[in-house]
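Throughout, numbering of the chain's residues begins at 1 and tracks the sequence.
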Amino acid sequence: MSEIHDVIILGSGPAGCTASIYTARAGLNTLMLKGPEPGGQLTITTDVENYPGFADPIQGPDLMDAMMKQAENCGAKVKETWITDVDFSNRPFTLTAEDSTIYQAKSVIISTGASARWLGLESEEKYRGFGVSACATCDGFFYKNKEVIVVGGGNTAVEEALYLSNIASKVYLVHRRDELRSEKILQKRLLANPKIQPVWDSQVKEIIGEAGILGSTVTGAIIENVKTGEETTINVPAVFIAIGHTPNTQLFKNILDMDQSNFLITKNNSTATNIKGIFACGDVQDPIYQQAVTAAGSGCMSALEVEKFLAEED
């Protein structure tokens, strides 16, 4: 029989690390499993300026490394593996890892996050973090008074474009169709904004850049008209991909309640899921904010709820 942990935390981003810190400090036997992308989306982010507590920018990987070390210093066990199967039908809950190791826990906190959808271009991958971003709130500040491109036509893209219009000198919104898919009120705001120029019936064919002292940086994008095939180049230092996020919830299909976009559903003012003893925090249950600081906050909530749940059960 394997060791039965008080709580197992799936995921090691801001939500998972914060939850680990709190549960470990509460004296709970805590195991955090890093998953296939240790540290979450912040590990592919360069300068982080909007996380409280840092007067100077901190690199995303450095921030996550500090969070993980803090969790370990508080007494949490951390292991680099990921779960391929779960059984939440009985307590203790059973989780099976990719190497067939079986873990058991009295409670589980799911903080597996969400992954940004990308275009799938090699050049996009090359410049990711160096002018290619999926988060205007995170990286928009670096392009103050500069022209930028936003790719997409749904709510995410329109909201990103509107946000960037307060920072950038001009925003090109590149969309494959000749009309937006976003809510009507958002469309009205965007089309009435003089700093935003829609580029209809178009797609990004290639992102271009150049090598510099600090590494390669974006200098523009080749835009292809999907109807005529005509190509044009827009010279910008940043391209924001805004075609949505996919929550990492495949493991919990037909087990936990999800919304239409497959984000986990939690109870009002709580991180509790539909199964008693299973909690969810961070981007995996947050289709709206998706910020490191809000993820950390919900990680704290999960930890406090787990502590209360276990005390009542015991």
Subject >> Test item: side-chain donor near acceptor, E210 and T219, under 3.5 Å >> reply: no
Original post:
Does I208 belong to the same Ile/Leu/Val/Met/Phe/Trp/Tyr cluster as V151, with side-chain heavy atoms less than 4.5 Å apart forming each link?
Top reply: no
Original post:
How many angstroms lie between atom CD of Q187 and atom CG of N155, to the nearest 0.5 angstrom?
Top reply: 9.0 Å
Original post:
Take atom NZ in K195; do more than 12 heavy atoms of anything else shown fall under 6.0 Å from it?
Top reply: yes
**OP:** Would you check if F240 and Y163 make a side-chain contact, meaning some heavy-atom pair closer than 4.5 Å?
**Re:** no
Original post:
Any luck finding a side-chain donor-acceptor pair between T271 and Q285 under 3.5 Å?
Top reply: no
Original post:
What do the steps show when you test W82 against T112 for side-chain contact (heavy atoms from CB on, under 4.5 Å), and what is the final call?
Top reply: CA-CA 10 Å; W82 59 93; T112 48; over 6 Å; no
Original post:
Quick one: does D178's side chain have a donor or acceptor within less than 3.5 Å of a partner on D201's backbone?
Top reply: no
Original post:
Is it the case that N248 and S115 place a side-chain donor and acceptor less than 3.5 Å from each other?
Top reply: yes
**OP:** Identify whether F309 and V86 are in the same connected component of the hydrophobic contact network (ILVMFWY, side-chain heavy atoms under 4.5 Å).
**Re:** no
**OP:** Measure the spacing between CD1 of I207 and CZ of F130 and express it to the nearest 0.5 Å.
**Re:** 14.0 Å
**OP:** Hey, can you tell me if F88 and F252 have their rings parallel, tilted or perpendicular (30° and 60° cut-offs)?
**Re:** parallel
Original post:
According to a 4.5 Å side-chain heavy-atom criterion applied to Ile, Leu, Val, Met, Phe, Trp and Tyr, with indirect links allowed, do I223 and L119 form part of one hydrophobic cluster?
Top reply: yes
**OP:** Output the distance between atom OG (S123) and atom CD (E206), rounded to the nearest 0.5 Å.
**Re:** 3.5 Å
Original post:
Hey, are K69 and E72 close enough for a salt bridge, meaning a charged N less than 4.0 Å from a carboxylate O?
Top reply: no
**OP:** Look up atom OG1 in T30 and atom CD1 in I21, then write down how far apart they are to the nearest 0.5 Å.
**Re:** 11.0 Å
Subject >> Separation between CH2 of W118 and CD of E125, rounded to the nearest 0.5 Å >> reply: 8.5 Å
Original post:
Taking NZ, NE, NH1 and NH2 as the nitrogens, is one of them in K106 or E313 under 4.0 Å from a carboxylate oxygen of the other?
Top reply: no
**OP:** Could you check L180 against W200 for side-chain contact (heavy atoms from CB on, under 4.5 Å), going step by step and ending with a plain yes or no?
**Re:** CA-CA 9 Å; L180 299 170; W200 303 117; 3.9 Å; yes
**OP:** Show your working on salt bridge (Lys or Arg N to Asp or Glu O under 4.0 Å) between E3 and K77 and close with a plain yes or no.
**Re:** CA-CA 13 Å; E3 178 183 5; K77 301 170 188 174; 3.0 Å; yes
**OP:** Give, for atom CG of L31 and atom CD of Q104, the distance between the pair rounded to the nearest 0.5 Å.
**Re:** 12.5 Å
Original post:
Do V284 and L33 share a hydrophobic cluster (ILVMFWY, side-chain heavy atoms under 4.5 Å, transitive)?
Top reply: yes
Subject >> Shared hydrophobic cluster for V293 and L304 (ILVMFWY, side-chain gaps under 4.5 Å) >> reply: no
Original post:
D87 and S89: side-chain donor and acceptor closer than 3.5 Å?
Top reply: yes
**OP:** Check S107 against V306 and note the closest heavy-atom contact, atom names and distance.
**Re:** OG-CG1, 3.4 Å
Original post:
Is atom CZ of R25 surrounded by more than 12 heavy atoms (other residues, nucleotides or ligands) closer than 6.0 Å?
Top reply: no
Original post:
Going by heavy atoms in the side chains, are M301 and C281 under 4.5 Å from each other?
Top reply: no
Original post:
So do N274 and I265 actually touch side chain to side chain, heavy atoms under 4.5 Å?
Top reply: no
Original post:
Checking Q70 side chain against A66 main chain: does a donor-acceptor pair fall under 3.5 Å?
Top reply: no
Original post:
Above 12 or not: heavy atoms from other molecules or residues under 6.0 Å from CG of N269?
Top reply: no
**OP:** Could you tell me whether a side-chain N or O of D6 sits under 3.5 Å from a main-chain N or O of N29, the two making a donor and an acceptor?
**Re:** yes
Original post:
Closest heavy-atom contact between I9 and S20?
Top reply: CD1-OG, 3.2 Å
Original post:
Does one side chain, of N262 or K253, offer a donor that lies under 3.5 Å from an acceptor on the other?
Top reply: yes
